[in-house]
Amino acid sequence: MPLEDKPKEGPPSQQDGAVGGAADDGSTKMDDDTNINTHELDSSGEGEVFKRQRINSPKRPTHINVSPGASPRKHATFEELLAQAGIVTNMALAHEIVVDGNFKLQQSDFPENSIEKQVKEVMHKAFWDSLKAHLEEDPPRYDTAVSLLGEVKEFMFSILLPHHERLRAQIDEAIDLPLIQQQAEQEILDVMHYANFIIGIMSKLCAPVRDEDITKLKEITDVIQLFKEIFRVLELMKLDMLNFTLQSLRPHLQHQSVEYERGKFAEFLKTQQDGLELTRKWLEESAEDLKTKVQQSTPPSTTATASAPSTARPGLVYGPAAILNHGYVGLLKWKETELFPETMTMDKGRIIDLSVQLERAVLLASVLLVTYTNVGAAIAGIQGFPSRLKHHMIVLLEGVKDYSTVMPNIAEEVCKEVNKCLQERQAPVLTPEIQEALKAQVIAVGDKQHSVHQLLDSRAESFIRMIISQPLTFDPTGKLPMGLTTVERQLIELSKQYARLLSHNRAVFGPYYSEIIGKIIQPA
């Protein structure tokens, strides 16, 4: 049974791999001599770059053949695509790359003060001290310097793209190791000459974000310090290239990862007696809860008051897609004591993070609504007041699991900010009686059972349900329910993140969901 019904909020997106993963909007730099097209990428993100460690030279990334400039062949497997990026081919990492549009590799290092880090630092210091001592001898010894130049040459080759044939030949000709060895034996080796050539090549290969590092290299006169920095910048350039590769391959990864993940999950199911037990239970409970809500749902009462607002959910329907979307929304309120459905396990951490963001957004909106309701026109329309108050509340809520413990502090902060705004407008500050009443209202609204909190929470859920039921290109501007406009940016951002995640999840596990929901709706 296809996961389609006709809910008023629109059909869910069924685009395979339609996950937000657009490349960074960085600038590009084109070199006329080498036709190098690189993107400005930073080195932040998640992941690791594994490096081999050499006793006789500084650390450098393991040589990986990556080709971001060349398109993978049409029928390349997902494993082959990942191999091109030099990444371990496992389902979890593949999923992370596809789902997280901001996924980036970053440099890995040993923990601070660890034995491994100390050993590495001692080894590197020994190498550089040895090089310095050899160059300061009379006559100088160049054997270590020759080895170092060979390492740099190999490193630069690993960064080149396949179409850089001219540049490769230029490097090979300029850093001619047999010739360099002869110069060393004749004591005429000019190490700085080769260093300047290397810096010139790096300036052509690097992304614009590394231009400042290249400029600083040109200012260093000490040969030891210079080569230390050359290796450091080359490592960053290699990381830039790997992240550029990921960005370039992401559309192909999105296209092929659906079958890859589905195949891996099928292999998992073969090892289990019932590998969909939790998923089935999740969808059955979603269907039952949705059916109850649809039956109970009525048009909003015209007699609803501010103290007892209507919590009806308009637009609810009962059908395959609605059941799945209702289950997705329910994951944002998942109990910590319960196991996640098998099909959602890899996204558990991300969903928990989104649920925390949602809970916080609803609380912020509730506090602001109570504040505006109690203070009235005196603070209405003041530019910057909501943002300032939200900032202070977010600071107070940081790292707090039980929000009730900090509600008194938030209440104090609300009164403080309100009085500050009133003073700036030369208006009378709140009387002690009004302040006490406002504090009591703010503390009370922190309770999830409070009518205002429940109302805004219900509206936020409806908004998220609408977003995940629409194509990823849907623009939610102007669709936000009343009372949530003060957290519009946060709510839209987390809803879109969730929609991208679920679009991929539907594409991968849709056949399983269809079979399970079909049996729920039409039992044998």
Side-chain angles (χ1 to χ4, degrees), residues 43 49-64 107-110 112-160 167-168 170-206 210 212-241:
S43 58
V49 175
F50 296 97
K51 308 177 186 66
R52 59 174 173 153
Q53 298 177 23
R54 301 171 62 94
I55 295 178
N56 62 342
S57 66
K59 66 177 183 177
R60 57 183 298 275
T62 304
H63 180 80
I64 301 170
Q107 284 184 306
S108 64
D109 201 357
F110 296 115
E112 199 67 33
N113 300 323
S114 66
I115 296 296
E116 294 87 348
K117 186 177 181 67
Q118 294 177 27
V119 170
K120 183 189 71 173
E121 291 175 348
V122 169
M123 290 164 53
H124 287 183
K125 185 177 186 302
F127 171 81
W128 293 115
D129 288 348
S130 174
L131 176 62
K132 181 178 181 180
H134 289 172
L135 294 179
E136 290 178 349
E137 290 182 12
D138 188 16
R141 286 175 53 191
Y142 293 109
D143 51 335
T144 306
V146 172
S147 175
L148 183 64
L149 291 172
E151 288 285 330
V152 175
K153 179 179 180 180
E154 182 186 351
F155 207 152
M156 287 194 296
F157 278 167
S158 71
I159 298 177
L160 295 180
L167 191 57
R168 183 181 297 273
Q170 184 181 352
I171 295 173
D172 195 37
E173 180 181 355
I175 308 181
D176 186 343
L177 294 180
L179 176 60
I180 292 175
Q181 184 63 46
Q182 292 178 16
Q183 293 174 342
E185 293 172 354
Q186 298 174 15
E187 301 177 8
I188 58 171
L189 177 61
D190 186 351
V191 179
M192 287 300 294
H193 166 76
Y194 288 102
N196 290 330
F197 169 79
I198 292 167
I199 294 172
I201 296 297
M202 291 170 65
S203 68
K204 296 178 180 180
L205 285 172
C206 73
R210 303 299 168 205
E212 184 177 351
D213 291 307
I214 298 298
T215 301
K216 291 180 180 179
L217 287 179
K218 296 176 181 178
E219 298 172 355
I220 301 175
T221 57
D222 179 76
V223 65
I224 305 299
Q225 185 61 31
L226 178 56
F227 273 94
K228 282 183 181 180
E229 287 299 299
I230 284 175
F231 269 97
R232 184 186 68 82
V233 177
L234 281 173
E235 287 178 3
L236 295 176
M237 289 172 59
K238 183 67 176 234
L239 196 62
D240 293 339
M241 186 62 70

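When reading the values below, keep in mind they use all heavy atoms of this one structure, side chains included, and skip hydrogens, waters and symmetry mates.
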Apply side chain to side chain contact (heavy atoms under 4.5 Å, CB included) to the pair Leu149 and Phe227, showing each step before the final yes or no.
-> CA-CA 9 Å; Leu149 291 172; Phe227 273 94; 3.8 Å; yes
Which heavy atom of [X] sits nearest to which heavy atom of [Y], and what is that distance?
{"X": "Leu177", "Y": "Val146", "value": "CD2-O, 4.3 Å"}
{"X": "Leu226", "Y": "Ala195", "value": "CD2-CB, 3.5 Å"}
{"X": "Arg210", "Y": "Asp240", "value": "NE-OD2, 2.8 Å"}
{"X": "Tyr142", "Y": "Glu187", "value": "CE1-CA, 4.1 Å"}

What residues form a salt bridge (charged side-chain N to carboxylate O under 4.0 Å, His left out) with Lys153, not counting sequence neighbours?
->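 Partners of Lys153 by the salt bridge (charged side-chain N to carboxylate O under 4.0 Å, His left out) criterion, ordered by chain and then number, come out as Asp172.
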Give the intermediate values and the outcome of side chain to side chain contact (heavy atoms under 4.5 Å, CB included) for residues Val223 and Leu131.
-> CA-CA 10 Å; Val223 65; Leu131 176 62; over 6 Å; no
Contact between [X] and [Y] at the side-chain level, heavy atoms closer than 4.5 Å - yes or no?
{"X": "Leu160", "Y": "Ile171", "result": "yes"}
{"X": "Leu217", "Y": "Ile214", "result": "yes"}
{"X": "Met156", "Y": "Val152", "result": "yes"}
{"X": "Val233", "Y": "Ile199", "result": "no"}
{"X": "Gln181", "Y": "Glu185", "result": "yes"}
{"X": "Leu205", "Y": "Leu167", "result": "yes"}

To the nearest 0.5 angstrom, please state how far the [atom1] atom of [X] sits from the [atom2] atom of [Y].
{"X": "His124", "Y": "Asp129", "atom1": "NE2", "atom2": "CG", "value": "12.5 Å"}
{"X": "Ile159", "Y": "Leu239", "atom1": "CD1", "atom2": "CG", "value": "10.5 Å"}
{"X": "Leu234", "Y": "Lys238", "atom1": "CG", "atom2": "NZ", "value": "10.0 Å"}
{"X": "Thr221", "Y": "Met192", "atom1": "OG1", "atom2": "CE", "value": "7.0 Å"}
{"X": "Leu148", "Y": "Ile180", "atom1": "CG", "atom2": "CD1", "value": "10.5 Å"}

Give the C-alpha distance, both sets of side-chain angles, the deciding distance and a yes or no for side chain to side chain contact (heavy atoms under 4.5 Å, CB included) between Gln170 and Phe197.
-> CA-CA 10 Å; Gln170 184 181 352; Phe197 169 79; 4.1 Å; yes
Side-chain atoms of residues 132-140: list all donor-acceptor pairs with protein atoms under 3.5 Å, sequence neighbours left out, distances to 0.1 Å.
unit_1 : atom_1 : unit_2 : atom_2 : d
His134 : ND1    : Thr144 : OG1    : 2.8
His134 : NE2    : Arg141 : NH1    : 3.4

Is any NZ, NE, NH1 or NH2 atom of the basic residue among Lys125 and Glu121 found under 4.0 Å from an Asp or Glu carboxylate oxygen of the other?
->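 Answer for the salt bridge query: no.
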Could you label the plane-to-plane angle of the Phe155 and Phe231 rings as parallel, tilted or perpendicular, counting under 30° as parallel and over 60° as perpendicular?
-> tilted
Intermediate values then yes/no, side chain to side chain contact (heavy atoms under 4.5 Å, CB included), Ile220 and Lys216 = CA-CA 7 Å; Ile220 301 175; Lys216 291 180 180 179; 5.7 Å; no
Go through Arg232 and Glu229 one step at a time and tell me if the salt bridge (charged side-chain N to carboxylate O under 4.0 Å, His left out) criterion holds.
-> CA-CA 5 Å; Arg232 184 186 68 82; Glu229 287 299 299; 2.9 Å; yes
